[in-house]
Visitor: 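This structure is in structure tokens; I'll ask about it shortly.
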Amino acid sequence: MKEVKLRKYENKLIISGLGVILFGIWSVVKSLLSFILNMNTDESYNVSMLVNVLIFLAIELALRLYIGMSARSEGFGRKKRYAYIVLSVIISILSFVSLLYLLYANNIESLLQYLVSILFEATSMFAYIELVVSAFAVKKLRKEIG
């Protein structure tokens, strides 16, 4: 019976890991498109801002790839340390704060953009939470099974 539970949580861990990776890719694409569409006419400002945005997005994507690949690896049976789980908890908290900020924002320009942003942030946060819960369950069940 515990083996069935373990397999269930391993599958959830694999899917959550993939979700984290896909949300990371979408976040990069969305941010770059938003930056390009909102550029002003000052070329020197745009280049320096683009470099800063690219550095930030590269760090964000690297973290999401590390977390997602670690979760998938653990879901497929390889033992991983707790670092990716700790990072997931931290990002979940930041995501919750971001969601609160979005919900109480007063500068809504487009209702559709506002709703999509809330949906994206909430779904991303729940993917991280599912990943954390599944990771702890997998580690616990593997220890019990031996």
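These numbers come from the heavy atoms of this one structure, side chains and all, not from hydrogens, waters or symmetry mates. Quick note: residue numbers are just sequence positions, from 1.
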Visitor: Under a 3.5 Å distance rule, please check whether Ser27 uses its side chain to pair with a backbone N or O of Phe23 as donor and acceptor.
Guide: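 Flag not set: sc Ser27 to bb Phe23 has no pair under 3.5 Å.
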Visitor: For a quick test of reading the model, state the closest non-hydrogen atom pair linking Tyr9 to Leu141 and the distance between them.
Guide: CD1-CD1, 3.9 Å
Visitor: Could you check whether any side-chain heavy atom of Leu54 comes within less than 4.5 Å of a side-chain heavy atom of Leu32, counting everything from C-beta outward?
Guide: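 Leu54 reaches Leu32 side chain to side chain.
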Visitor: Using the rule that Ile, Leu, Val, Met, Phe, Trp and Tyr join whenever any side-chain heavy atoms are under 4.5 Å apart, tell me whether Tyr104 and Met125 fall into a single cluster.
Guide: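 In one cluster with Tyr104: Met125, yes.
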Visitor: Can you list the steps and then say if Ile14 with Leu18 is a side chain to side chain contact (heavy atoms under 4.5 Å, CB included)?
Guide: CA-CA 6 Å; Ile14 292 166; Leu18 180 61; 5.8 Å; no
Visitor: For a quick test of reading the model, state the closest non-hydrogen atom pair linking Gly17 to Ala71 and the distance between them.
Guide: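 So the two residues come closest at CA-CB, 4.0 Å.
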Visitor: Please determine whether residues Val133 and Phe126 belong to a single hydrophobic cluster, defined as Ile, Leu, Val, Met, Phe, Trp and Tyr linked transitively by side-chain heavy-atom distances below 4.5 Å.
Guide: yes
Visitor: When rounded to the nearest 0.5 angstrom, what distance separates CD1 in Ile90 from CD1 in Ile85?
Guide: 12.5 Å
Visitor: Is it the case that one hydrophobic cluster holds both Val138 and Val86, taking links as side-chain heavy atoms less than 4.5 Å apart, direct or via other members?
Guide: no
Visitor: Please identify each residue that fulfils salt bridge (charged side-chain N to carboxylate O under 4.0 Å, His left out) with Arg142, with sequence neighbours left out.
Guide: Glu10, Glu74
Visitor: Taking the side chain as every heavy atom from C-beta outward, state whether Tyr128 and Arg64 have any pair of such atoms under 4.5 Å apart.
Guide: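 Tyr128 reaches Arg64 side chain to side chain.
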Visitor: Taking salt bridge (charged side-chain N to carboxylate O under 4.0 Å, His left out) as the test, write out the residues that go with Lys2, two or more places apart.
Guide: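 Checked Lys2 against salt bridge (charged side-chain N to carboxylate O under 4.0 Å, His left out); matches are Glu144.
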Visitor: To the nearest 0.5 angstrom, please state how far the CD1 atom of Ile91 sits from the CG atom of Leu87.
Guide: 6.0 Å
Visitor: Any donor-acceptor pair under 3.5 Å linking the side chain of Lys139 with the backbone of Lys80?
Guide: yes
Visitor: Can you name the nearest heavy-atom pair linking Gly75 to Leu13, along with the distance?
Guide: N-CD2, 3.8 Å
Visitor: Side chain to side chain contact (heavy atoms under 4.5 Å, CB included) between Glu60 and Phe56: does it pass, once the steps are laid out?
Guide: CA-CA 6 Å; Glu60 179 186 8; Phe56 175 78; 4.0 Å; yes
Visitor: How long is the straight-line distance from CG of Leu99 back to OG of Ser92, given to the nearest 0.5 Å?
Guide: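 Ser92 atom OG to Leu99 atom CG measures 12.0 Å (nearest 0.5 Å).
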Visitor: Ser70 vs Tyr66, test: side chain to side chain contact (heavy atoms under 4.5 Å, CB included). Steps then yes/no.
Guide: CA-CA 6 Å; Ser70 295; Tyr66 170 72; 3.5 Å; yes
Visitor: Using 0.5 Å steps for rounding, measure from the OG atom of Ser73 to the NZ atom of Lys79.
Guide: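 Reported to 0.5 Å precision, the distance equals 12.5 Å.
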Visitor: Taking all atoms of both residues into account, what is the closest heavy-atom pair of Ser134 and Lys12, and its distance?
Guide: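 Shortest heavy-atom separation between Ser134 and Lys12 comes out as OG-CB, 3.3 Å.
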Visitor: To check you understand the geometry: which heavy-atom pair defines the closest contact between Ile145 and Leu6, and what is its length?
Guide: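 Smallest interatomic distance, heavy atoms only, reads CD1-CD2, 3.8 Å.
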Visitor: Which of parallel (below 30°), tilted (30 to 60°) and perpendicular (above 60°) describes Tyr82 and Phe136?
Guide: tilted
Visitor: Nearest 0.5 Å, what's the CG-OG distance between Leu100 and Ser95?
Guide: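 Spacing of CG (Leu100) from OG (Ser95) equals 10.0 Å.
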Visitor: To the nearest 0.5 Å, what is the distance between OG1 on Thr123 and CH2 on Trp26?
Guide: 13.0 Å
Visitor: Among the clusters formed by ILVMFWY side chains lying less than 4.5 Å apart, do Ile59 and Val89 turn up in the same one?
Guide: yes
Visitor: Please test Phe96 against Ile93 for side chain to side chain contact (heavy atoms under 4.5 Å, CB included), starting from the C-alpha separation and ending with a verdict.
Guide: CA-CA 5 Å; Phe96 179 73; Ile93 293 167; 5.6 Å; no
Visitor: Going hydrophobic residue to hydrophobic residue with side-chain gaps under 4.5 angstrom, can you get from Leu94 over to Ile67?
Guide: no
Visitor: Closest approach of Leu131 and Tyr84, non-hydrogen atoms and distance?
Guide: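 Reported closest heavy-atom pair: CD2-CE1, 3.8 Å.
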